[in-house]
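We count ligands from 1, going down the list as the structure has it; atoms in each ligand are counted the same way.
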Amino acid sequence: MTDARKLLADLEWQVGFGADEAVGDVPTLSQWGQRRPDDIAAKAGQGSPAATVIPASVISAAPKPEPRPTSTFRSSANSVEALREEVKNFDGCALRHTAMNLVFADGNPAASVMMIGEAPGEDEDRQGLPFVGVSGQLLNQMLSYVGLSRTENVYISNIIFWRPPGNRSPTDAEISACLPFTERHIALIKPKFLVLLGGVAAKSLLHTKEGITRLRGRWVDYVPPVGSGLDHPIPCLPIYHPAYLLRTPAAKRQAWGDILQLVKRLRETNDLKNKE
Ligand code: URA
């Protein structure tokens, strides 16, 4: 793509998020962060925007987790590499037999943000890396606008490590088989913040039946299961899956508000510097 076409594509994408004003020659994150949510809410006449501080009352009104299913299996891998080997040799999920490759993780294991999606698609299966297809490109684009990237401050994985045939949704049994590994994965990475991409990741890790439309945009605690090796909850933000945003451009505004909430927290903890 030429520079001009790329700029136009970026502009189109930002308009999709509700941007309707150029604030300076070089738009800065602080301008987006401070102006956009209010503008969006005011224009939509909707009261408080998604990206404002969440009052404690809202956090405490977060969905109560369902009773935890008891799983006897716990991974005790003591490094990310060891966990990868354990998953590679795991024979308890039939998807490994139809997939081309294991898709384990990508990004910086020391990142403050860990993102978890659903399951690999065709491109991911071919390359053995998560989120490298079109939805991954959208995700990269969203992250780049706020100074986040897999090379620096984001680590990314999926609930399911192998592509379900024909990209069907993973079954409950497949999710249950893979979940102890993901829980151990989180314990080993120990991110400051977890971002759950879409309903499957959110329902599986938060042990709730609530849909992503209700869950998204609200900080909740990810409570690690006993025996996962993590002894504290992690602030967790469910957001729409990028594949959903590709199908439903109108939802991009909400997704943008959600990303700004993440940015706000990262700035508060000095994990993300203001862009000048
Ligand atoms: N969708 C996902 O949930 N994960 C991927 O890795 C790719 C697409």
* To do: Write down, by chain and number, every protein residue that brings a non-hydrogen atom to less than 4.0 Å from an atom of ligand 1.
  => Gly117, Glu118, Ala119, Pro120, Glu124, Pro130, Phe131, Ser135, Asn158, His241
* Asked: Would you call the rings of Phe161 and Phe104 parallel, tilted or perpendicular, where under 30° means parallel and over 60° means perpendicular?
  -> parallel
* Main-chain N/O of Glu152 paired with Asn108 side-chain donor or acceptor, under 3.5 Å -> yes
* Say whether Arg126 and Asn101, considering side chains only, have a donor N or O and an acceptor N or O under 3.5 Å apart. => no
* Asked: Where does the angle between the aromatic ring planes of Trp256 and Tyr145 fall among parallel (under 30°), tilted (30 to 60°) and perpendicular (over 60°)?
  -> perpendicular
* To do: Test Asn158 against Ile116 for side chain to side chain contact (heavy atoms under 4.5 Å, CB included), laying out the working first.
  => CA-CA 5 Å; Asn158 282 306; Ile116 301 183; 5.6 Å; no
* To do: Kindly write out the residues that satisfy ring pair (Phe, Tyr, Trp, His ring centres under 6.0 Å) with His241, not counting sequence neighbours, or none if the list is empty.
  => Phe131
